[in-house]
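Order of the sequence lines sets the chain letters (A, B, ...), proteins ahead of strands, with each chain counted from 1. Note that the coordinates shown come from a computational prediction; the quantities given were computed from them, not determined experimentally.
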Amino acid sequence: MRTRLSIAVLLAWMTPNAAPALEFVEGKLQVHGFASQAILKSTDNYYFGNSPGTSFDFTEIGLNASYQSTPSLLFSGQLLVRRAGEMYDGTPSLDYGLVDFAPVSDTERRLGVRLGRIKNPFGLYNETRDVPFTRPSIFLPQVIYYDKIRNGLLSYDGIMFYGDRYLEQGNLSLNLGVGQSVIDDNVEWAYLADDVDGEIQAEGINWGIGSLWFSTPADEIKLGLSAIVTELDFNAGQETPLQSGTIDVTDWVVSFQYNAEDWTISAEYSRAPTRWNDIGPYWPFKDQVMEGYYLQGAYRLRPNLEIMARYEEGFANRNDRDGRGFSDLTGGTTPRFDFFSKILTTGLRWDINPNIMFRLEFQRHDGTYALSIRENPDSGDLVREWDVFAASISVRF
Amino acid sequence: MISRRSVRNILESLVGVALCCVSLHACPQELIAHRDAGVESLTRNEARLFFTMRLKNWPNGTLVKVFVLPDNNALHNRFSNEILGLYPYQLRRVWDRQIFSGTGQAPTTVSSEQEMLDRIATTPGAIGYADGPIDDSSIRLLEVR
């Protein structure tokens with residue numbers, strides 16, 4: 001564990017002051033990458049590993065290449081290695097791999113299409129959620145960007161049409177896409193609470209996304225509306241009392257950001273109506289409307305030194321915000337506070353140089369809804385009020 | 001011993017520096033491009049489209065190659081703020097979103113102003129910026145309207 005931290009510190013130390021990206025073929029081929037290691041300590045509950053005992057199990061490494069073969073044709077792909085407690089074990093995965101063709105591009109508009117594994121432009125942060133330099137804090141607001149079900153938002157295999165319109169008053173951007181979701185075990189844990197016998201699958205085209213963005217010409221104000229519609233198939237195995245059925249999830253978020261020289265204010269509000277169909281009488285939930293929102297401010301004391309604060313609230317069901325109804329459905333085995341999270345975050349970001357970043361963060365949690373059930377399988381062990389301290393070091397080129 | 005004349009010279013140059021930085025136009029930073037770019041001037045919005053890497057071709061169809069100095073370079077900061085009207089952290093955010101989502105690329109970062117001039121002069125389709133007068137027939141100054 002400690003070796004990993006030492007390697008991260010050593011890497012940071014060795015990175016020259018301004019490491020340029022690798023470029024080949026007259027700059028048409030670019031290679032970029034990043035690596036990050038965090039250390040966490042929580043008062044209670046498992047959060048990105050054995051955090052009560054100090055966890056080093058939050059590691060992110062990415063390596064990408066892009067080739068701009070002509071002004072209208074781009075090929076790109078990224079490999080991601082991510083270790084996040086019990087949720088991700090560091091097995092390399094294809095984060096995205098796509099071809100982007102933009103036949104129309106001038107000073108007034110751009111129209112194009114992407115084909116392949118595409119990151120979902122959901123909210124302010126989803127597209128680059130695993131790149132520490134692009135996040136507002138070590139942990140994204142968990143009530144919208146759930147790490148316990150990252151793949152419910154992250155990316156899809158399919159096609160996306162996009163259009164940008166550049167006006168005097170600002171820029172409009174529209175993305176529309178369809179395809180198949182990328183499923184993993186965490187999705188099963190999040191929607192069926194246990195590693196049940198059977199499989200959650202995507203059959204045919206089961207995923208649609210749309211997002212619309214407006215920003216003023218110099219990006220002072222940014223407004224967005226993004227949505228995902230998806231249907232997952234559950235094929236029950238022999239050993240489970242559950243029956244085969246489907247799970248429908250719609251997830252939408254409205255986004256706001258204001259950028260000034262020293263300040264950035266961000267706020268988002270999200271709802272995710274979820275419905276379980278035909279799973280059978282042994283599954284207690286029929287439908288719910290997940291809800292999450294936050295308000296976040298960042299202040300740059302110097303161009304390379306930033307402090308931030310955020311308050312967020314999230315609920316498993318907005319019609320049952322104190323968790324009473326859902327807790328009763330489980331016969332009281334799952335406590336009420338497992339159906340909401342109210343989180344206060346403060347943090348510091350120091351960009352030692354353009355390629356090395358150091359972060360410190362503190363979170364005070366009321367409730368355990370943000371936690372992965374996979375990391376905390378026994379609801380009897382959950383503690384309602386808990387704190388997290390975290391630090392991270394990240395390098396990039 | 002400091003002569004009265006040198007004191008006057010120092011004072012004059014101090015005043016000159018102060019005046020230069022008070023007036024935006026006197027600060028001689030320029031938008032520059034390879035001579036074959038085929039345009040004489042850009043609007044601020046067009047310059048932003050080039051430097052945020054959203055517009056990848058010149059009107060004549062050539063691929064645009066953008067060169068910048070590091071994020072913490074003083075000239076980069078002045079160019080970003082005064083010519084583009086964007087804070088440097090916003091440029092970085094746009095580039096990072098593109099390179100780490102596979103939807104675009106980032107400019108090429110050069111390590112010095114001299115390297116910037118060399119690369120602009122020798123790379124067809126290149127665009128960048130410079131501080132002070134340019135004496136190179138391969139480089140074209142672009143007016144920002």
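Residue contact with chain B, scored on non-hydrogen atoms closer than 4.5 Å, involves the side chain of E23(A) exclusively. Contact of R93(B) with chain A is made through the side chain alone, with heavy-atom distances under 4.5 Å. Interface residue D106(A): only backbone heavy atoms are found under 4.5 Å from chain B. Using a 4.5 Å cut-off between heavy atoms, L63(A) makes no contact with chain B at all. Contact of L49(B) with chain A is made through the side chain alone, with heavy-atom distances under 4.5 Å. For a residue to count as touching a neighbouring chain, one of its non-hydrogen atoms must lie under 4.5 Å from one of that chain's; by this rule E46(B) touches chain A with the side chain only. Proximity to chain B (any heavy atom under 4.5 Å) is restricted, for E26(A), to the backbone atoms N, CA, C and O. Interface residue D100(A): only side-chain heavy atoms are found under 4.5 Å from chain B. Using a 4.5 Å cut-off between heavy atoms, V94(B) contacts chain A through its side chain alone, with no backbone atom that close. In this structure, the portions of T103(B) lying under 4.5 Å from any heavy atom of chain A include both its backbone and its side chain. Of the atoms belonging to L86(B), it is side-chain heavy atoms, and not backbone ones, that fall under 4.5 Å from chain A. Using a 4.5 Å cut-off between heavy atoms, E108(A) does not touch chain B at all. At a 4.5 Å heavy-atom cutoff, the contact between T70(A) and chain B is made by backbone atoms alone. Both the backbone and the side chain of P217(A) come within contact range of chain B, each with at least one heavy atom under 4.5 Å from a heavy atom of that chain. In this structure, chain B has no heavy atom under 4.5 Å from any part of A102(A).
Atom CG in D262(A) sits 8.5 Å away from atom OH in Y89(B) (nearest 0.5 Å). Separating the CG atom in L91(B) from the CG atom in D219(A) is a distance of 9.5 Å, to the nearest 0.5 Å. Taking CG of N45(B) as the start and OG1 of T107(A) as the end, the distance is 9.5 Å to the nearest 0.5 Å. How far CD of Q105(B) is from CD of Q68(A): 5.0 Å, rounded to the nearest 0.5 Å.
Side-chain atoms of Q78(A) do not come within 3.5 Å of backbone N or O of G102(B) as any donor-acceptor pair.
Contact between K56(B) and P71(A) at its shortest, heavy atoms only, is CD-O, 3.6 Å. G85(B) and A218(A) make their closest contact through O-CB, 3.4 Å (heavy atoms, listed as atom of the first residue, atom of the second, distance). Residues K65(B) and G27(A) share a closest heavy-atom pair of NZ-O, 3.3 Å. Nearest heavy-atom pair, R54(B) versus R110(A), reported as atom, atom and distance to 0.1 Å: O-NH1, 3.6 Å. Closest non-hydrogen pair, P354(A) versus N72(B), comes out as CD-ND2, 3.4 Å.
Between H32(A) and W95(B) there is no side-chain heavy-atom pair separated by less than 4.5 Å. The side-chain heavy atoms of F133(A) and F100(B), taken from C-beta on, include no pair separated by under 4.5 Å. Residues S105(A) and N57(B) are in side-chain contact: their nearest non-hydrogen atoms beyond the backbone lie under 4.5 Å apart. Looking only at side-chain heavy atoms (C-beta outward), D71(B) and D351(A) stay at 4.5 Å or farther from each other.
At a threshold of 4.0 Å, the pair D96(B)-R396(A) counts as salt-bridged, since one of the basic side-chain nitrogens sits closer than that to a carboxylate oxygen.
More than 12 heavy atoms of other residues, nucleotides or ligands lie within 6.0 Å of CZ in F214(A), so this atom counts as buried by the packing criterion. Within 6.0 Å of CG in N60(B) there are more than 12 heavy atoms belonging to other residues, nucleotides or ligands.
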